[in-house]
Amino acid sequence: MNIHEYQARDILSAHGVPVPDGEVATTADEAERIARRLGGKVVIKAQVHAGGRGKAGGVKLADTPQEAREHAGRILGMEIKGLPVLRVLVAPAEDIASEAYVGIIVDRASKAPVFMVSREGGVDIEEVAATNPNAIRRQPVDPRYGLLPHQAYSLATSLYDDVRQQRAAAKILQQLYAAFVDSGASLAEINPLVTTPDGEVKALDAKINIDENELFRKPEVEALRDPSAEAPSEVAAREAGLTFIKLEGDVGCCVNGAGLAMATMDLVKYYGGDPANFLDIGGSSNPEKVVNALRIITSDPGVRVILFNIFGGITRCDDVANGIVTATRQINIDVPIVIRLTGTNEELAVQILEQAGFSAMTDMDEAVKRAVHLAKGEGK
Ligand code: GDP
Ligand code: MN
């Protein structure tokens with residue numbers, strides 16, 4: 001789950017990381033009022049679940065409340081990477097002497113959280129990572145002990161030469177690690193971590209991604225979810241208890257079990273197609289889930305064919321068949337449906353489907369090939 005910068009900076013601030021003051025506005029009027037309250041120069045920042053806002057024109061400095069109002073008005077009408085900007089953060093503008101990058105991700109290769117830090121932070125960090133990876137220092141963290149003081153200090157010395165700034169940064173790195181663990185994050189980063197001309201170290205941007213699997217035990221973090229910033233199909237899937245991820249292709253996939261869903265997507269790719277989604281209807285069989293799944297898949301205008309791939313174990317094929325029949329009566333589906341099912345109550349399922357005018361296959365390869373052909377408009 002993504003959260004906004006203003007939420008992430010609240011989490012950091014609660015852990016002691018120095019972040020500038022600031023408030024969120026949804027209108028230009030409000031932005032002007034906040035700027036007036038803050039006094040002096042302010043920065044207006046788009047709050048969307050996307051990086052690269054600076055380069056997209058979503059971060060602007062304003063000298064006066066009037067200018068803050070104008071920038072806020074413009075930014076609130078923008079889309080950044082396809083996401084509408086509904087809120088802006090208004091914060092006092094800092095004078096910047098240097099911009100560093102500090103972040104933690106869960107690294108699958110090292111099976112541990114890994115810190116990454118670089119002196120060359122700011123809006124070009126992706127380019128630094130691509131062209132000069134040696135400018136980024138990495139430090140895996142043993143989750144049993146957390147970031148040890150000497151590790152924090154060592155990372156801090158690679159960021160700053162001044163001893164006071166090294167101390168400040170070492171403290172911030174440990175606070176960042178605590179924020180990362182406490183919020184159940186899979187990523188937490190500060191970019192830029194700035195120094196001001198009078199030597200202070202501050203977090204001017206904050207990004208935290210939460211591991212969805214942590215949310216059930218962290219209701220206060222779940223409460224930060226902003227459905228208006230998420231894909232509507234993903235919101236609907238979550239409410240229906242389905243695991244769904246929207247992708248860019250045209251073969252809508254409806255599968256039971258995450259492993260089979262992955263294998264199905266692999267096979268779609270193998271035969272030259274492109275999956276429109278990952279969808280796991282789960283282990284239990286409930287026709288209602290199939291109805292919801294079909295609603296979600298068909299709401300994507302890019303879908304040109306729907307492929308069911310069901311391996312009946314606990315999931316009963318006849319339940320899925322009933323779900324398909326019910327759903328197609330309730331929703332108007334104008335794309336072909338390819339159905340493959342095998343396993344528990346397979347014969348009964350085929351009977352139900354054939355009575356309703358569908359045909360069912362048992363071979364996964366054949367079904368995927370057919371779906372890919374249909375998506376390409378090749379008929380067979
Ligand atoms: P991002 O582009 O989405 O990562 O947004 P950031 O919040 O990191 O802002 C992008 C850039 O805007 C930063 O790297 C800074 O160079 C600049 N910036 C952000 N806040 C301030 C500020 O308070 N003062 C100044 N001078 N520049 C800022
Ligand atoms: Mn940034």
Side-chain angles (χ1 to χ4, degrees), residues 2-13 17-25 31 34-65 67-68 71-72 74-76 78-105 115-130 135-136 159 169 172-173 176 179-180 185 187-209 226 229:
N2 287 323
I3 60 173
H4 291 294
E5 174 194 8
Y6 75 90
Q7 298 168 317
R9 79 207 291 272
D10 283 350
I11 293 177
L12 292 186
S13 167
V17 175
V19 300
D21 194 5
E23 247 185 89
V24 172
I34 298 167
R36 186 155 286 128
R37 176 181 76 76
L38 293 171
K41 225 167 138 176
V42 296
V43 60
I44 312 290
K45 307 178 74 176
Q47 299 298 291
V48 281
H49 292 169
R53 296 165 304 164
K55 286 192 171 167
V59 178
K60 292 275 183 235
L61 296 169
D63 287 324
T64 62
E67 208 186 327
H71 283 316
R74 229 177 348 262
I75 292 174
L76 284 166
M78 280 172 61
E79 271 195 7
I80 297 180
K81 295 181 182 164
L83 302 165
V85 182
L86 304 177
R87 266 167 277 198
V88 291
L89 173 68
V90 184
E94 300 288 335
D95 287 330
I96 299 177
S98 73
E99 299 191 55
Y101 171 93
V102 302
I104 323 170
I105 52 151
F115 263 92
M116 288 180 297
V117 308
S118 176
R119 282 183 191 239
E120 296 175 38
V123 295
D124 288 322
I125 188 68
E126 274 82 14
E127 203 180 311
V128 174
I136 300 174
L159 287 176
I172 289 170
L173 289 169
L176 178 63
F180 171 84
L187 172 150
E189 67 177 29
I190 301 173
N191 183 33
L193 180 70
V194 302
T195 57
T196 60
D198 51 12
E200 281 182 89
V201 183
K202 285 187 190 174
L204 281 213
D205 187 13
K207 179 173 166 63
I208 295 181
N209 290 346
D226 175 7

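In each ligand, atom 1 is the first atom listed, and ligand 1 is the first ligand listed.
Below the 2.8 Å limit, the Mn ion (ligand 2) has as protein N, O or S neighbours Asn191 O, Asp205 OD2.
Scanning the protein for heavy atoms near atom 24 (N) of ligand 1, the closest one is Glu94 O, 2.9 Å. In this structure, atom 12 (O) of ligand 1 lies nearest to the protein heavy atom Val59 CG1, 3.8 Å. Here the heavy atom of the protein found nearest to atom 3 (O) of ligand 1 is Arg53 NE, 2.7 Å. Ranking protein heavy atoms by distance to atom 27 (N) of ligand 1, first place goes to Ile96 CD1, 3.3 Å. Atom 6 (P) of ligand 1 has Asp205 OD2, 3.5 Å as its closest protein atom, hydrogens excluded (heavy atom only). Looking from atom 7 (O) of ligand 1 to the surrounding protein, the closest heavy atom is Lys45 NZ, 2.5 Å. Nearest protein heavy-atom neighbour of atom 14 (O) of ligand 1: Glu99 OE1, 2.6 Å. Summary of contacts: the protein heavy atom closest to atom 11 (C) of ligand 1 is Val123 CG1, 3.7 Å.
An N or O contact shorter than 3.5 Å links Gly54 to ligand 1 by distance. Residue-to-ligand polar distances keep Lys55 apart from ligand 1: every N/O pair is separated by 3.5 Å or more.
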Evaluate Val194 against Val201 for side chain to side chain contact (heavy atoms under 4.5 Å, CB included), listing each step before the verdict. CA-CA 6 Å; Val194 302; Val201 183; over 6 Å; no

Could you walk me through whether Val59 and Ile44 pass the side chain to side chain contact (heavy atoms under 4.5 Å, CB included) check? CA-CA 6 Å; Val59 178; Ile44 312 290; over 6 Å; no

Give the C-alpha distance, both sets of side-chain angles, the deciding distance and a yes or no for side chain to side chain contact (heavy atoms under 4.5 Å, CB included) between Ile11 and Ile3. CA-CA 11 Å; Ile11 293 177; Ile3 60 173; 3.9 Å; yes

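Only the backbone of Asn191 comes within 4.0 Å of ligand 1, judged by heavy-atom distances.
A ring pair (Phe, Tyr, Trp, His ring centres under 6.0 Å) check over residues 84-104, counting only residues at least two apart or in different chains, returns nothing.
Residues meeting the side-chain hydrogen bond (donor to acceptor under 3.5 Å, both in side chains) test with Glu94, sequence neighbours left out: Lys202. In this structure Asp226 satisfies the side-chain hydrogen bond (donor to acceptor under 3.5 Å, both in side chains) test together with His4, Arg87, Ser228, sequence neighbours excluded.
Between Glu5 and Arg53, at least one side-chain N (NZ, or NE/NH1/NH2) sits under 4.0 Å from a carboxylate O, which counts as a salt bridge. Ion pairing between a basic and an acidic side chain is recognised when a charged N comes within 4.0 Å of a carboxylate O; Lys60 and Glu67 show no such pairing. We find that Arg9 and Asp21 are not joined by a salt bridge, their nearest charged nitrogen and carboxylate oxygen being 4.0 Å or further apart.
Heavy-atom contacts of Val43 reach the following atoms of ligand 1: 20 (N), 23 (O) (cutoff under 4.0 Å). Interface atoms of ligand 1 facing Leu204, defined by a heavy-atom separation under 4.0 Å, are 20 (N), 21 (C), 22 (C), 23 (O).
Judged by distance alone, with hydrogens and angles left aside, the side-chain atoms of Thr196 form a donor-acceptor pair with the main-chain N or O of Glu200 at under 3.5 Å. For Ser118 (side chain) and Ala135 (main-chain N/O), a donor-acceptor pair under 3.5 Å exists by modelled atom type. Not a single donor-acceptor pair under 3.5 Å links the side chain of Asn209 to the backbone N or O of Asn2.
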